Amino acid sequence: MTSELLRKEPTIAHNDDIPVLNDRVNVSWDKLNRVLEPVGMLKGSREEDAPMSDKELELVLAGDRIAAHVTSQMDEILSMALNNSMHRLRADLTNQLRAAVKEAVRDEIEKIVKSDKQNGLS
């Protein structure tokens with residue numbers, strides 16, 4: 001197979017538009033753990049005795065909104081990545097099949113030509 005049919009793998013360059021988290025949020029693991037609790041565990045239904053304060057409740061709700069947004073973005077990114085991969089795979093397979101078919105046809109034509117030459121000399 002010829003080298004022009006082989007696809008080079010994509011690389012991520014420093015100038016690509018890939019979002020990166022540069023800002024850190026100063027939240028303790030304890031608070032983060034509470035933020036990540038499901039909404040059904042809010043206000044008084046927690047295993048701890050003390051009910052959540054309004055500020056903690058706001059943090060939990062904000063965490064749920066952030067998690068939903070991040071999940072949505074991840075779904076979009078995964079869908080795009082899988083779609084791109086499928087298209088690249090299809091193109092690679094099409095190129096490989098095309099090359100294999102060309103080679104098979106060329107081999108058969110060469111066999112026919114050789115056979116005709118041998119029959120013509122005999």
Side-chain angles (χ1 to χ4, degrees):
M1 189 167 356
T2 61
S3 62
E4 69 264 2
L5 294 177
L6 298 176
R7 178 179 54 83
K8 301 262 190 256
E9 288 299 318
T11 57
I12 298 174
H14 67 282
N15 57 354
D16 288 343
D17 288 342
I18 297 173
V20 178
L21 291 176
N22 292 324
D23 299 327
R24 301 282 181 193
V25 178
N26 190 13
V27 177
S28 69
W29 281 109
D30 181 46
K31 281 186 181 179
L32 182 62
N33 219 8
R34 281 185 269 162
V35 167
L36 296 178
E37 288 179 354
V39 175
M41 302 281 292
L42 298 177
K43 278 235 179 185
S45 63
R46 298 183 336 179
E47 294 173 9
E48 302 168 8
D49 293 338
M52 252 190 228
S53 69
D54 288 341
K55 187 171 185 177
E56 288 176 326
L57 181 59
E58 285 180 35
L59 274 175
V60 169
L61 294 175
D64 287 342
R65 287 192 305 269
I66 291 169
H69 182 70
V70 169
T71 302
S72 170
Q73 292 296 313
M74 287 176 58
D75 286 344
E76 286 181 33
I77 290 169
L78 287 173
S79 293
M80 289 185 341
L82 289 172
N83 199 19
N84 288 339
S85 295
M86 190 222 18
H87 286 295
R88 285 196 312 255
L89 179 62
R90 182 181 174 98
D92 285 351
L93 291 174
T94 300
N95 288 337
Q96 289 175 2
L97 287 171
R98 189 175 290 138
V101 168
K102 280 183 181 180
E103 187 175 339
V105 169
R106 187 176 342 129
D107 290 346
E108 289 301 316
I109 290 174
E110 285 177 6
K111 286 179 187 176
I112 292 170
V113 169
K114 284 181 184 177
S115 174
D116 284 350
K117 282 183 181 179
Q118 287 177 352
N119 289 341
L121 295 176
S122 300

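Any value given below was found using the heavy atoms of this structure, including those in side chains, with hydrogens, waters and symmetry copies removed. Keep in mind that this is a model prediction, so the values were computed, not measured.
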What about Leu61 and Val70, same hydrophobic cluster or not, with Ile/Leu/Val/Met/Phe/Trp/Tyr joined at side-chain heavy-atom distances under 4.5 Å?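 No; tracing contacts between hydrophobic side chains, which count when under 4.5 Å, never links both residues.
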Could you check if a side-chain atom of Arg88 sits within less than 4.5 angstrom of a side-chain atom of Asn84, using non-hydrogen atoms only?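 Arg88 vs Asn84: side chains touch.
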Starting at [atom1] of [X], measure out to [atom2] of [Y] and round the result to the nearest 0.5 Å.
| X | Y | atom1 | atom2 | answer |
| --- | --- | --- | --- | --- |
| Asp92 | Ser85 | CG | OG | 10.5 Å |
| Thr71 | Ile66 | OG1 | CD1 | 11.5 Å |
| Thr94 | His87 | OG1 | NE2 | 11.5 Å |
| Lys55 | Glu58 | NZ | CD | 8.5 Å |
| Glu110 | Ile112 | CD | CD1 | 11.0 Å |

Sequence-distant partners of Glu108, salt bridge (Lys or Arg N to Asp or Glu O under 4.0 Å), two or more places apart: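 In terms of salt bridge (Lys or Arg N to Asp or Glu O under 4.0 Å), with neighbours along the sequence ignored, Glu108 is linked to Lys111.
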Which residues share a salt bridge (Lys or Arg N to Asp or Glu O under 4.0 Å) with Lys102, sequence neighbours left out: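 Checked Lys102 against salt bridge (Lys or Arg N to Asp or Glu O under 4.0 Å); zero matches.
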Would you find more than 12 non-hydrogen atoms of other residues, nucleotides or ligands less than 6.0 Å from Met74 atom CE?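 It does not: Met74 CE has 12 such atoms or fewer within range.
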Side chain to side chain contact (heavy atoms under 4.5 Å, CB included) with Leu93: which residues, sequence neighbours excluded?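 Residues passing side chain to side chain contact (heavy atoms under 4.5 Å, CB included) with Leu93: Leu89, Gln96.
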Please name all residues satisfying side chain to side chain donor-acceptor pair (under 3.5 Å) with His69, sequence neighbours left out, ordered by chain then number.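 Result, side chain to side chain donor-acceptor pair (under 3.5 Å) vs His69: none returned.
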Should side-chain heavy atoms under 4.5 Å link Ile, Leu, Val, Met, Phe, Trp and Tyr, which residues sit in the same cluster as Met80?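 Via sub-4.5 Å side-chain contacts, Met80 links to none.
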Residues that, via side-chain heavy atoms closer than 4.5 angstrom, fall in one hydrophobic cluster with Val113: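 Members besides Val113, by chain and number: Val101, Val105, Ile109.
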